[in-house]
Novice: 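Below is a structure I'd like to ask you about.
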Amino acid sequence: MLELRTLRERPDDVRAAIRAKQLFDAEPRLDELLSADAERRSLRRELEGLQAERNARSREIGERKRRGEDAADLMAGVADLAAEVKRGEERDRELAARVDALLLEIPNLPHPSVPYGEGPEQNVVVAEHGERRGGEGLRPHWELAEARGWIDFAAGTAVTGAGFPVFLGDGARLVRALTSFFLDRLVEEGFTEVAPPLLVNAESATATGQLPDKEGQMYQVADGFYLIPTSEVPVTNLHRGQILDEAALPLRYCAFTPCFRREAGSYGKDVRGLNRLHQFDKVEMVVLALPEESYDALEAMTAIAERMLVDLGLAFRRLLMCSGDMGFTQAKKYDLEVWSPGQARWLEVSSVSNMEAFQAARLETRCRPGGSQGQGKTRLVHTLNGSALAFPRTIAALLETHQTEGGEVVVPTVLRPYLGRDRLR
RNA sequence: GGAGGGUUGGCUGAGCGGUCGAAAGCGACGGUCUUGAAAACCGUAGACGGGGCAACCCGUCCGGGGGUUCGAAUCCCUCACCCUCCGCCA
């Protein structure tokens, strides 16, 4: 969420952001929020005066009683005041709850460098790397994988349902090899490896922005928990409510987890093969950074993900997302898309975003020199995350790109130590 | 799943319904001393919100949320979490 102060001081910027992000439903909420907040502030000014008066009189009663004097007259006078305070506090609670709920519906402001656009077609291709493989006889990954028994889509459907493929044999080993390759690389880069919970509570999901709006995208299980749609959620929540030492920033984490998404409403070619699943694996980077350093961190994270794609021998491009395709919580976002020769289309395998202080405000993750024992003002940290990388589409592109005429797959050099062979059979 | 005990400031830990935002110790910060440091001594110190040019003033916060009361860290209800014992379990 944005800080209330931002809405008060820059309501026009917030309104512009809502429109730029094409989230027009948020505009009436902004209006309601601003008026509720104004009402609350004037109420509070009045209420705080009453509270001060009540406190003073109660203190006087206390002092008299301690001296053994009678205070019945004072107590009678304060009763009305106390009742009025109570009414005020009730109204204040209502308004606070309203403001709080509405605040969750206001999207983050796009960074000035983000281009305006109404949808995906206006994303900007920043760079393209590698040579796209093309030609006759290149098969889509589902044909390759099913022919060799690396992936059994039908079995997954039987066990659970559509969108839950089963990896077998060299397919499963490829998953394990990628896991190690990604994590080892990120640890080399200085990230701390995390194995987080795969279920989170509503507070965590709210802090990172999955709730309340995207509730339908998560699987909810018993006891009010949600299956994580990305490890961004548990990992970003690691420092909830803390005041971090600025000298310790940036904090850089990486995590391998399965991710669970309901993906309601998807259809057609999007859901073919590994293109869109309800359960998939992903290695994620999560960074908590100083505000003045967060955009350098965004570039660095994107570069790390890109280098992995280069090492896997995949052709890819980097997109700068336009305002309308960026999503609710992000200030700036890059997508990396790999070329899928078997499908002749681009597939998103990574999304790297800077949320600035949007998540930190709800997380109450702050920093200052010296940390919780430090001096001076606290500031909200900036949070970032990025995939490095999402497995299914990486695997799809990898199988299709490195396929041979005989239906085998040449294993990229960097994965050979992990797989112990140079071909998938 | 059953029974009991807890949750207080960066940490440990006191706290009778009435100057308690909260003792004390540790830690932190500033200073004295020292060539420097340590020790010792003196002092300063919470977070969040509102108001004021400012010194400063006001409000809220003792796990979360409600309640009782003129007044709640202290009493009541409720939820969450932690600990101990029993049961079950990879």
Novice: Let me spell it out: for each of A:S372 and A:A56, pick the nucleotide of RNA chain B with the closest heavy atom. Which residue's pick is nearer the 5' end?
Specialist: A:S372
Novice: For RNA chain B, what residues of residues 36-55 of chain A have any heavy atom nearer than 4.0 Å?
Specialist: A:R41, A:R44, A:E48, A:Q51, A:A52, A:R54, A:N55
Novice: Once pairs are restricted to Watson-Crick or G-U wobble with both distances under 3.5 Å, how does RNA chain B read as a dot-bracket string, [ ] for crossings and | for other-strand pairs?
Specialist: (((((((..(((.....[.....))).(((((.......))))).((((((....)))))).(((((..]....))))))))))))....
Novice: Does the ring centre of A:F280 sit less than 6.0 Å away from the ring centre of A:F260?
Specialist: no
Novice: With rounding to the nearest 0.5 Å, note down the distance linking CZ in A:R15 to CG in A:L109.
Specialist: 12.5 Å
Novice: Between the side chain of A:N237 and the main-chain N/O of A:S204, is any donor-acceptor distance below 3.5 Å?
Specialist: yes
Novice: Tell me, please, which residues at least two apart from A:F256 pass ring-ring contact (aromatic ring centres under 6.0 Å, His included).
Specialist: A:F391
Novice: Whole angstroms only, please: what is the CG-P distance between A:L95 and B:G49?
Specialist: 18 Å
Novice: Under 3.5 Å, which N/O atoms of the protein pair with N/O atoms of nucleotides 53-56 of chain B?
Specialist:
none

Novice: Show your reasoning for whether side-chain hydrogen bond (donor to acceptor under 3.5 Å, both in side chains) applies to A:E356 and A:Y295.
Specialist: CA-CA 9 Å; A:E356 297 192 2; A:Y295 281 94; 2.4 Å; yes
Novice: May I have all residue pairs that pass salt bridge (Lys or Arg N to Asp or Glu O under 4.0 Å) and include part of residues 101-110 of chain A, sequence neighbours excluded?
Specialist: A:R29-A:E105
Novice: Keeping to residues at least two apart or across chains, list the side-chain hydrogen bond (donor to acceptor under 3.5 Å, both in side chains) pairs with something in residues 156-172 of chain A.
Specialist: A:D170-A:R421
Novice: Starting at atom NZ of A:K86, determine the distance to atom C1' of B:U60, rounded to an integer number of angstrom.
Specialist: 17 Å
Novice: Taking A:T302 for the side chain and A:L298 for the main chain, is one N or O donor matched with an acceptor at less than 3.5 Å?
Specialist: yes
Novice: Between P on B:G49 and CD on A:E364, what's the gap in Å once rounded to a whole number?
Specialist: 10 Å
Novice: Could you work out the separation of B:G4 and B:U8 based on their P atoms and round it to a whole Å?
Specialist: 22 Å
Novice: Which value, in whole Å, describes the distance between the C1' atoms of nucleotides B:C29 and B:A45?
Specialist: 7 Å
Novice: Would you list the protein and nucleotides 24-31 of chain B atom pairs, both N or O, that sit under 3.5 Å from each other?
Specialist:
from	atom 1	to	atom 2	distance (Å)
B:G27	N2	A:Q373	OE1	2.4
B:G27	N3	A:Q373	OE1	3.0
B:A28	O4'	A:Q373	OE1	3.1
B:A28	O2'	A:Q373	O	3.3

Novice: Just to confirm, is there a sub-4.0 Å distance from OP1 or OP2 of B:U19 to any side-chain nitrogen or oxygen of A:R64?
Specialist: no
Novice: Taking atom C1' in both B:U19 and B:U12, compute the distance separating them and give it to the nearest angstrom.
Specialist: 27 Å
Novice: For A:D100, check salt bridge (charged side-chain N to carboxylate O under 4.0 Å, His left out) against everything at least two apart and list the hits.
Specialist: A:R362
Novice: Figure out the NZ/P separation between A:K65 and B:G17, and round it to whole Å.
Specialist: 14 Å
Novice: Does A:T378 put a side-chain nitrogen or oxygen below 4.0 Å from OP1 or OP2 of B:C48?
Specialist: yes
Novice: Which of residues 195-208 of chain A have a heavy atom under 4.0 Å from RNA chain B?
Specialist: none
Novice: Holding to side-chain hydrogen bond (donor to acceptor under 3.5 Å, both in side chains), I want the full list of residues that pass it with A:N354, two or more places apart in sequence or in another chain.
Specialist: A:S294
Novice: Going through the checks in order, is the side-chain contact (heavy atoms from CB on, under 4.5 Å) test met by A:F181 and A:L312?
Specialist: CA-CA 10 Å; A:F181 168 61; A:L312 291 174; 3.9 Å; yes
Novice: Test your reading of the model: is there a side-chain donor-acceptor pair from A:D325 to the backbone of A:M321, 3.5 Å cut-off?
Specialist: no
Novice: Quick one: list whatever passes salt bridge (charged side-chain N to carboxylate O under 4.0 Å, His left out) with A:E94, sequence neighbours left out.
Specialist: A:R91
Novice: Write down the distance separating the C1' atoms in B:A73 and B:G15, rounded off to the nearest Å.
Specialist: 8 Å
Novice: Specify the separation, in whole Å, of atom CZ of A:R362 and atom P of B:C48.
Specialist: 16 Å
Novice: In whole angstrom, what separates A:E90's CD from B:U68's C1'?
Specialist: 14 Å
Novice: With no hydrogens and no angle check, is any side-chain donor or acceptor of A:S323 less than 3.5 Å from a backbone partner on A:A20?
Specialist: yes
Novice: Over how many whole Å does the gap from A:R59 atom CZ to B:C58 atom C1' extend?
Specialist: 11 Å
Novice: Please lay out, stage by stage, how A:Q359 and A:N108 fare under the test side-chain hydrogen bond (donor to acceptor under 3.5 Å, both in side chains).
Specialist: CA-CA 9 Å; A:Q359 294 176 326; A:N108 200 359; over 6 Å; no
Novice: Just checking, any donor-acceptor pair under 3.5 angstrom between side chains of A:S231 and A:K282?
Specialist: no
Novice: To the nearest Å, how far apart are A:D92 CG and B:G49 C1'?
Specialist: 11 Å
Novice: Among all residues two or more places apart in sequence or in another chain, which pass the side chain to side chain contact (heavy atoms under 4.5 Å, CB included) test with A:L50?
Specialist: A:L81, A:E84, A:V85
